[in-house]
Amino acid sequence: MNKNKRFFVTTPIYYINDLPHIGHAYATFAADILARYHRSVGDQTFFLTGTDENSQKTVFAAQTAGKEIKVYTDELARRWQETWQKLGISNDDFIRTTEPRHAKVVKEIFEKIDQKGDLYKSKYEGLYCVGHEAFLKPDDLDENGLCPDHKTKPEQISEANYFFRLSKYQPALLQHFKNNPSFVEPKERYNEILNFIKGGLQDISVTRETQKWGIPSPVDPNQVVYVWFDALINYISADSSRWPADVHIIGKDILRFHAVIWPAMLLSAGYPLPKKIFAHGFFTIDGVKISKSLGNAIDPLAISEKYGVDALRYYLFKEIPFGNDGDFSFKRLEEVYNADLANGLGNLVARVAKLCEIAGLVLKPKKTKPVFDAAYKKALEELRFQDALNLIWSKITNIDRQIDQSRPWELIKKDTQQAEVVLTSFVEQIRAVQILLIPFLPETAKKIAEQFVGPKIKSAKPLFPRI
Ligand code: MSP
């Protein structure tokens, strides 16, 4: 146990123009796994998520819903929070960028950047995509002049904005990347960003003149702060005593904001940089691209109601190596559920409990302290979730094999002493597996702990009824 070690993990803060879909749940589950792991080893853990509300998307969504914007944002933020609660997410805080605590820190950081001489006023002309909340270049557009991701026509914008001297930070960023080879992970993302920085950075516009919805710019109250510039600051505004983050979990589509603009803002304002930015991949649903804007999103709550939250967590992190793109397939979900959860883990637990019950095994009270083996620890520290799960499941297979070999159902009849020895060993091994399951399958781990606490072990409802 290390009470003094701190661990701070974040998810992106999500736009509230719609409800959570499986892609959002993915990042949130990943952060939850890390938070639960670090709590188990005794680290002072802080897990932050929240909502990104100062976007033009919010304005349009409220209009479409025919609601006053405050009413709309409150309702949507509440529904996001409820979704995470229902999915058992263990976040310690939830930041909304419309909260005063956020606006206060945005103002402070903006002023620090200004005092550093890193803001200047200039005219901006460009193509703005509200879907991305970012400017696009003409050659980013498709053959019809539309944003290729959102299929919408970007707005031609021409206004006098404040610019942030991003270009000034190119050398410092290059140096930081050189000194910190695991600043961005996976490795191919690190290389991608490093090449992007080497290619030269352009200053970016960080205020908007024509928008009304947002945080007023402290240097010019007639403008609002560019939504990305405000959103990134959530990681500090929620609780500045926690900064710097140990890991920002994000999707690969928002990597430049996190790995280029955000570190430059922090360098300018005089804050330490986050330790790591981990970009996960994108997944398709049965082969089709998902996104809120395309309207084919799937609801993580619906899936978890049908299969259970733990089954959804297991499938997502077992099936797709974290960091890679992947496909969410309902067929695979059911296959994996039956093979690994119903037959694998569920069957093992039921089998050992039943044998203990028949043998009338009475265990000496023994509290198993959380023990994570080195390979498992390393896998979690490197966000190799699939490897950690494979490690647990190899232990499960191994216990199954020992049961088949020692034939305890026969021992119970002819050698009760030996039966007790082998059953006690299986119980201890299941307890060890239970500990390893805590970060990944928290509900299941809790059920196993309750069932295997002793002194007597009894059969219980199957953990994962077969589909
Ligand atoms: N509000 C910004 C983030 C600001 S963080 C300071 C934002 N929000 S979002 O709601 O559009 O997206 C949040 C996350 O969802 C992103 O990390 C994105 O990668 C992720 N996903 C959206 N669609 C996804 C998939 N199809 N697959 C996996 N993740 C996906 O961006």
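Atoms within each ligand, like the ligands themselves, are counted from 1 in listed order. FYI, side chains are in, hydrogens and waters are out, and symmetry mates aren't considered; it's all heavy atoms of this structure.
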Pair W213 + F60: ring centers closer than 6.0 Å
no
Does any N or O of ligand 1 fall below 3.5 Å from an N or O anywhere on N234, backbone included?
no
Would you mind writing out the side-chain donor-acceptor pairs for residues 272-280 within the sub-3.5 Å range, not counting sequence neighbours?
{"from": "K275", "atom 1": "NZ", "to": "D246", "atom 2": "OD1", "distance (Å)": "3.4"}
{"from": "K276", "atom 1": "NZ", "to": "E185", "atom 2": "OE1", "distance (Å)": "3.0"}
{"from": "K276", "atom 1": "NZ", "to": "E185", "atom 2": "OE2", "distance (Å)": "3.4"}

Looking only at heavy atoms, is any part of E133 under 4.0 Å from ligand 1, and if so is it the side chain, the backbone, or both, or is it neither?
neither
Salt bridge check: are R96 and D74 linked by an N-O gap of less than 4.0 Å?
yes
Check whether the ring centres of Y315 and F317 lie less than 6.0 Å apart, and answer yes or no.
no
How does W228 reach ligand 1, by side chain, by backbone, by both or by neither, if only non-hydrogen atoms under 4.0 Å count?
side chain
Show the atoms of ligand 1 that are less than 4.0 angstrom away from any heavy atom in Y14.
10 (O), 13 (C), 14 (C)
By number and element, which atoms of ligand 1 are closer than 4.0 Å to a non-hydrogen atom of H258?
5 (S), 6 (C)
Cation-pi check for Y128 against R208: NZ or CZ below 6.0 Å from the six-membered ring centre and within 45 degrees of the axis, yes or no?
yes
Within ligand 1, which atoms have a heavy atom of H280 less than 4.0 Å away?
28 (C), 29 (N)
Only heavy atoms of D253, strictly under 4.0 Å: list the atoms of ligand 1 that pass.
16 (C), 18 (C), 19 (O)
Shortest reach to atom 28 (C) of ligand 1 by a heavy atom, considering only G281, A231, G251:
G281
Just to be sure I'm reading this right: ignoring hydrogens, which of F282, W80, F257 gets closest to atom 25 (C) of ligand 1? Compare them by their nearest heavy atoms.
F282
Hits for side chain to side chain donor-acceptor pair (under 3.5 Å) against T64, two or more places apart or cross-chain, chain-then-number order -> none
Using distance alone, decide if ligand 1 has a nitrogen or oxygen within less than 3.5 Å of any nitrogen or oxygen in I254.
no
Kindly say whether the aromatic ring centers of Y226 and F164 come within a distance under 6.0 Å.
no
Between D52 and ligand 1, which part of the residue brings a heavy atom under 4.0 Å of the ligand: side chain, backbone, both or neither?
side chain
Check for me whether the distance between the ring centres of Y235 and H258 falls short of 6.0 Å.
yes
Ignoring hydrogens, just give me the one of F229, Y26, Y235 whose non-hydrogen atom is nearest atom 6 (C) of ligand 1.
Y235
